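Treat the numbers as computed from the prediction; the structure is a model and nothing was measured.
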Amino acid sequence: MTTTELAPFTRRPRLSIESLIAKLREQDSRKQDMVVPAHKMRVTPEGLLEVDEPRITSNGVSDTSHFQLTGTFDSGIAGKLKVPANYLARMREYNQLPLLADNVNTWLAMEPNRPFLVRTFQGDDDQPGVGRALLSDSYGIRDNLPLLMAVLEGIADRGAEVEITGELTDRRMIVKIVAPRVTTEATDLLRFYRSPFTGRTGADNPVVAAGVVLTNSELGFGASTITPQFTVQICTNGMTVTKDAMRTIHNGTKLEHGVIQYSEETIKRELATATSRARDAVRTFVDVDYMVRKLNEIAGKAHVDVIDPEATIQHVGKIVGYTGEQQNRILAHFIRGADTTAGGVLHAVTSAAQTLVDADAAYELERTGLRALEVAASYQR
């Protein structure tokens, strides 16, 4: 086991809501967004992004700003300039930064007046900042902190008692919101299941709590979503009903060139929309009738016996798109979970997701649980 892996049955830690908000506030204090035409930016031979945008330093006013480039910025370069992502990664891997600069600058020069939204963190004094993302100048900006606060306000307006944990990755914010008093029993779905973390059984405690998962990417990695999720009490596995998700894509109007200053009117409008969506989500998803209906649908597909677990999970992995390591981990959780049905595959996927260090990979894996159940069930026929 490497230092970047957790043991197969150890949960990944999450942030408290207080810690998440503190991190988001610190990030907000350093953010600078600007719309820049291609001819006003370039990559230096040292691999820094140089932008012709004045900034104040301890030595006075500088005509240019410099930023370290992140993997997410490289993804933006690959997407916007059509430079193969693997090629960018290889140039970085072999420290061919002058070659990388020549490639990027050549393609920027092909469309000198094309505008881009450049999202950054400002550096201290004369130190380079951080280039976070290269996006379209019509990207609809919805930042994490105001969106989270609006959603929390919408939940408070509905009077729901909730428990909140979060994760903040290079790509997105992931917030799990559980309503511990809005519960039902999923006896049919959990009667054979044993938690790989605690050994507790669904037969003894089949309680499932309502909740939602809020996600948002400031950097172009997906829409803002509020998705229903049922949390199994004995293991904190999350069953995510992705087909019912409320989504808001990041489309907006063309932004003016230069450093972006957001008007109070625009901010209020965005927050009002987010608050309203949160109220709708809580009213729709944090509801026992909704839970019972969806859990009955899931249980109706779950009782197919899995004859050959290894072959089944390999088949599921091929169809759904799991890596070899993920398949091995899911199989280990299937065996430890002791539920030898298609429902056991669902539980194995969602419990395995909790043990991945990479929160983005965990988020993507957890979302596939119900799809894995369906594929596993159909494979037995």
Treating Ile, Leu, Val, Met, Phe, Trp and Tyr as nodes and any side-chain heavy-atom pair under 4.5 angstrom as an edge, say whether [X] and [Y] lie in one connected cluster.
X: V213; Y: V178; result: no
X: I155; Y: M149; result: yes
X: W107; Y: V104; result: yes
X: V232; Y: F285; result: yes
X: L152; Y: V182; result: yes

Quick check against the 3.5 Å criterion: does [X] have a side-chain atom that pairs as donor or acceptor with the backbone of [Y]?
X: T44; Y: A101; answer: no
X: S224; Y: N216; answer: no
X: D305; Y: I307; answer: no
X: S351; Y: A348; answer: yes
X: S217; Y: R171; answer: yes
X: T350; Y: G369; answer: no
X: H347; Y: L189; answer: yes
X: D143; Y: L145; answer: no
X: S65; Y: V51; answer: no
X: E167; Y: Y363; answer: no

Verify the neighbour count for atom [atom1] of [X]: are there more than 12 heavy atoms of other residues, nucleotides or ligands below 6.0 Å?
X: K31; atom1: NZ; result: yes
X: E310; atom1: CD; result: no
X: R90; atom1: CZ; result: no
X: R11; atom1: CZ; result: yes
X: K40; atom1: NZ; result: no

Without hydrogens or angle criteria, can the side chains of [X] and [Y] be said to hold a donor-acceptor pair below 3.5 Å?
X: E366; Y: Q229; value: yes
X: T242; Y: T240; value: no
X: T368; Y: Y322; value: yes

For [X] and [Y], which heavy atoms make the closest approach, and how far apart are they?
X: L219; Y: A133; answer: CD2-CB, 3.6 Å
X: A245; Y: T227; answer: CB-OG1, 3.3 Å
X: Y290; Y: F230; answer: CE2-CZ, 3.7 Å
X: R12; Y: V357; answer: CD-O, 3.4 Å
X: G202; Y: I234; answer: N-CD1, 3.5 Å
X: R114; Y: K80; answer: NH1-O, 3.0 Å

How long is the span from the [atom1] atom in [X] to the [atom2] atom in [Y], to the nearest 0.5 Å?
X: R92; Y: D74; atom1: CZ; atom2: CG; answer: 4.0 Å
X: E93; Y: N86; atom1: CD; atom2: CG; answer: 10.5 Å
X: L97; Y: D102; atom1: CG; atom2: CG; answer: 11.0 Å
X: I164; Y: I21; atom1: CD1; atom2: CD1; answer: 7.5 Å
X: I298; Y: L370; atom1: CD1; atom2: CG; answer: 4.5 Å
X: Q314; Y: T312; atom1: CD; atom2: OG1; answer: 9.5 Å

| T340 vs F192, side chain to side chain contact (heavy atoms under 4.5 Å, CB included): CA-CA, chis, key distance, verdict | CA-CA 8 Å; T340 58; F192 301 122; over 6 Å; no
Report yes if the side chains of [X] and [Y] come closer than 4.5 Å at any heavy-atom pair, otherwise no.
X: P180; Y: E161; answer: yes
X: Q326; Y: V349; answer: no
X: F9; Y: H333; answer: yes
X: R158; Y: V286; answer: no
X: Y193; Y: L346; answer: no
X: K243; Y: K294; answer: yes
X: L214; Y: L148; answer: yes
X: F73; Y: V118; answer: yes

Less than 4.0 angstrom from a charged side-chain N to a carboxylate O is my criterion; do [X] and [Y] meet it?
X: E26; Y: R30; value: yes
X: R329; Y: E325; value: yes
X: R283; Y: D280; value: yes

| message | side chain to side chain contact (heavy atoms under 4.5 Å, CB included) for V282 and V212? Distances and angles first, verdict last. | response | CA-CA 8 Å; V282 173; V212 297; 5.8 Å; no
| message | Could you go through E364 and D360, starting from their C-alpha distance and side-chain angles, then the distance that decides it, and tell me whether this counts as side chain to side chain contact (heavy atoms under 4.5 Å, CB included)? | response | CA-CA 6 Å; E364 298 293 352; D360 284 313; 5.6 Å; no
| note | Exactly one candidate in D52, N105, T64 meets side chain to side chain donor-acceptor pair (under 3.5 Å) with R42; the answer is D52
| field | Test applied, side chain to side chain donor-acceptor pair (under 3.5 Å); reference residue, E218; option that passes from R142, R119, R132 | value |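 Single pass found, and it is R132.
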| Geometric cation-pi criterion R172 and F221, 6.0 Å radius, 45° cone |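 R172 over F221 ring: no.
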| task | Let me see the working for T120 and L49 under side chain to side chain contact (heavy atoms under 4.5 Å, CB included), right down to the final yes or no. | result | CA-CA 11 Å; T120 73; L49 176 69; 5.6 Å; no
